[in-house]
Asks: 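What follows is a single structure, and I will ask about it in a moment.
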Amino acid sequence: MLSLVLAALVGSSTAVPSISMSPFSSSVNVLATYNSTCGNPSTLTASCDNSSDSDSFAASNSCCLESPSGLIQQVQFWDTDPSTGPSDSWTIHGLWPNHCDGTYTENCDSSRDYSDITSLLQDQGASDTLNYMQTYWVSNDESSEKFWEHEWSTHGTCYSTFNPSCLPADSPQGADAVAFFQTTVNLFKSLPTYTWLEKAGITPDDDKTYTLDELTSALKSASGVSRTCVESRGMRADGRLFLFCFAMQVTPSLDCRSGAVSEIYWWFHLKGSAIDGQFVPVDALQAGSCKSSGIKYPPKTSGDDGSDSDSDF
């Protein structure tokens, strides 16, 4: 199994506008000036390493070792009733931190429960991330804004490496949330679940069914031989570009609803900071809810992305 690699390419970051003079805005994208002092991620101890050295390091430097929630899930939806997102892509649910035994803590810091994520991203030069989220990070039962606020307050506030104390001292309020959304989007782009299934001949169909082994084996095989690279701007002070590059072979977990696949969980440990560290793919710690056979993979219906619903989560 190979880990997620963060590789640098030479380039220039794009200029970002100053929108307002609120404490949430900045004339410079915080991540464009972010340069952690953790060192080369590949040389660092991974989260959930059970050694005493790891425990000691986490206690002294929570900005460079994700703890205690070092088992991370990138969760994706396959929504069909109603449908959300493009018909040829899964969509983002979130980036969830768990304790290493699979238990978890939620809503870790209510003082950082931000509202109006849209303006927060725009004001801090992350409009590209926002534009992507408006297509690929949508809910089928509430507004996108409520959904994003929930994911940040419930899960994002529980990361040690997104804590404001880990960011530059002059970071505007809310920069921690901006970093969370940018990291989640970049990681999701590196996990093209639809494409990996399609390569194995598994595409949405009203009539076909699959076994759980067929689905997970296809994902494990495709993800292990492909190398998916996604450009990510503004993650170093020197303005160079980074690529998230995936080359792994691990087994995710799948949830089903009414016999149809509905969610996938990709599991990771982390070396260094969640902002500029290295996500290390691992096999699923827990099985999902899908049965062993007779699993449906229905197509999405067109014309309904579910993003304008106002119902509560």
Side-chain angles (χ1 to χ4, degrees), residues 13-35 74-77 84-86 89 91-97 108-139 142-159 161-164 166-168 170-191 230-237 239 241-242 244 273-276 305-310 313:
S13 58
T14 55
V16 293
S18 175
I19 305 300
S20 69
M21 294 304 292
S22 76
F24 293 90
S25 67
S26 171
S27 60
V28 177
N29 185 327
V30 169
L31 296 190
T33 61
Y34 183 81
N35 190 10
Q74 201 288 296
V75 190
Q76 302 178 14
F77 280 134
T84 60
S89 177
T91 56
I92 302 171
H93 189 165
L95 191 66
W96 299 352
C108 295
D109 187 353
S110 61
S111 71
R112 295 157 61 208
D113 289 358
Y114 308 123
S115 59
D116 196 0
I117 301 299
T118 296
S119 294
L120 190 66
L121 292 167
Q122 290 173 331
D123 289 355
Q124 296 193 28
S127 292
D128 286 349
T129 297
L130 173 63
N131 292 339
Y132 191 88
M133 289 166 57
Q134 289 170 337
T135 299
Y136 292 96
W137 198 338
V138 291
S139 172
E142 64 181 341
S143 69
S144 294
E145 185 63 44
K146 287 182 180 292
F147 185 25
W148 301 335
E149 290 172 7
H150 168 85
E151 289 301 307
W152 164 250
S153 63
T154 305
H155 305 291
T157 59
C158 295
Y159 284 89
T161 59
F162 283 129
N163 191 283
C166 298
L167 300 178
D170 58 349
S171 299
Q173 189 175 10
D176 48 345
V178 173
F180 167 77
F181 288 111
Q182 291 188 310
T183 297
T184 304
V185 164
N186 286 332
L187 187 56
F188 169 77
K189 288 179 178 180
S190 299
L191 295 161
V230 179
E231 182 181 295
S232 176
R233 288 183 179 271
M235 298 187 74
R236 282 182 60 94
L241 303 186
F242 274 83
F244 279 96
S273 167
I275 300 175
D276 69 347
D305 69 1
S307 60
D308 292 327
S309 173
D310 290 325
F313 194 62

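All values reported here derive from a predicted model rather than from experimental measurement. Values reported hereafter were calculated over all heavy atoms of this structure, with side chains retained and with hydrogens, waters and symmetry mates removed.
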Asks: At what distance, to the nearest 0.5 angstrom, does SG of C166 lie from CD1 of I275?
Replies: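 One gets 7.5 Å once the value is rounded to the nearest 0.5 Å.
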Asks: When rounded to the nearest 0.5 angstrom, what is the spacing between OG in S273 and CZ in F162?
Replies: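 One gets 6.5 Å once the value is rounded to the nearest 0.5 Å.
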Asks: Kindly determine whether F77 and I92 satisfy side chain to side chain contact (heavy atoms under 4.5 Å, CB included), including the steps that lead there.
Replies: CA-CA 6 Å; F77 280 134; I92 302 171; over 6 Å; no
Asks: Hey, are the side chains of Y114 and T157 touching, using non-hydrogen atoms and a 4.5 Å cut-off?
Replies: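 In short, these two side chains do not touch, never coming nearer than 4.5 Å.
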Asks: Any chance you could lay out the side chain to side chain donor-acceptor pair (under 3.5 Å) test for E151 and W96, step after step, and finish with the verdict?
Replies: CA-CA 9 Å; E151 289 301 307; W96 299 352; 3.0 Å; yes
Asks: Counting distance only, does the side-chain N/O of Q124 pair as donor-acceptor with the main-chain N or O of Q173 below 3.5 Å?
Replies: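 At least one qualifying donor-acceptor pair exists.
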Asks: Which pair of non-hydrogen atoms, one from G85 and one from T91, has the smallest distance, and what is that distance?
Replies: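 Nearest heavy atoms, G85 then T91: CA-CG2, 3.8 Å.
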Asks: Rounded at 0.5 Å granularity, tell me how far CH2 in W152 sits from CZ in F147.
Replies: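 Those atoms lie 15.5 Å apart.
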Asks: Please report the closest heavy-atom contact between G174 and L120, naming both atoms and the distance.
Replies: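 That closest heavy-atom pairing would be O-CD2, 3.7 Å.
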Asks: Would you give the length of the straight line joining atom OG1 of T129 to atom CG of N186, rounded to the nearest 0.5 angstrom?
Replies: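 Result: 6.5 Å between the selected atoms.
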Asks: Would you mind reporting whether P86 and T135 have side-chain heavy atoms less than 4.5 Å apart?
Replies: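 Sidechains of P86 and T135: in contact.
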Asks: Could you tell me whether a side-chain N or O of E145 sits under 3.5 Å from a main-chain N or O of T118, the two making a donor and an acceptor?
Replies: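 Flag set: sc E145 to bb T118 pair under 3.5 Å.
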Asks: Show, in sequence, the C-alpha distance, side-chain angles and deciding distance for S111 and D109, and conclude whether the side chain to side chain donor-acceptor pair (under 3.5 Å) test is met.
Replies: CA-CA 5 Å; S111 71; D109 187 353; 2.5 Å; yes
Asks: For the pair F188 and S89, evaluate side chain to side chain contact (heavy atoms under 4.5 Å, CB included) and give the outcome as yes or no after the intermediate values.
Replies: CA-CA 11 Å; F188 169 77; S89 177; 4.2 Å; yes
Asks: Let me confirm one number: the CD-OH distance from Q76 to Y136, rounded to the nearest 0.5 Å.
Replies: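 That separation rounds to 12.0 Å.
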Asks: Taking the side chain as every heavy atom from C-beta outward, state whether N163 and D176 have any pair of such atoms under 4.5 Å apart.
Replies: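 Sidechains of D176 and N163: no contact.
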Asks: Got a second to check how far E149's CD is from D116's CG, nearest 0.5 Å?
Replies: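 So the gap between those two atoms works out to 7.5 Å.
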Asks: Do H155 and L95 make a side-chain contact, defined as non-hydrogen atoms from C-beta onward lying under 4.5 Å apart?
Replies: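 H155 vs L95: side chains apart.
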Asks: Please give me the minimum heavy-atom distance between V178 and A126, naming the atom from each residue.
Replies: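 Shortest heavy-atom contact: CG1-CB, 4.1 Å.
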Asks: Should R112 and P164 count as side-chain neighbours, where that means a heavy-atom distance under 4.5 Å?
Replies: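 The answer is yes; the side chains approach within 4.5 Å.
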Asks: Would the distance check show the side chain of S144 and the main-chain N or O of V138 forming a donor-acceptor pair, the cut-off being under 3.5 Å?
Replies: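 Answer holds: no.
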Asks: Could you go step by step and tell me if Y132 and W137 meet the ring pair (Phe, Tyr, Trp, His ring centres under 6.0 Å) rule?
Replies: CA-CA 8 Å; Y132 191 88; W137 198 338; 9.6 Å; no
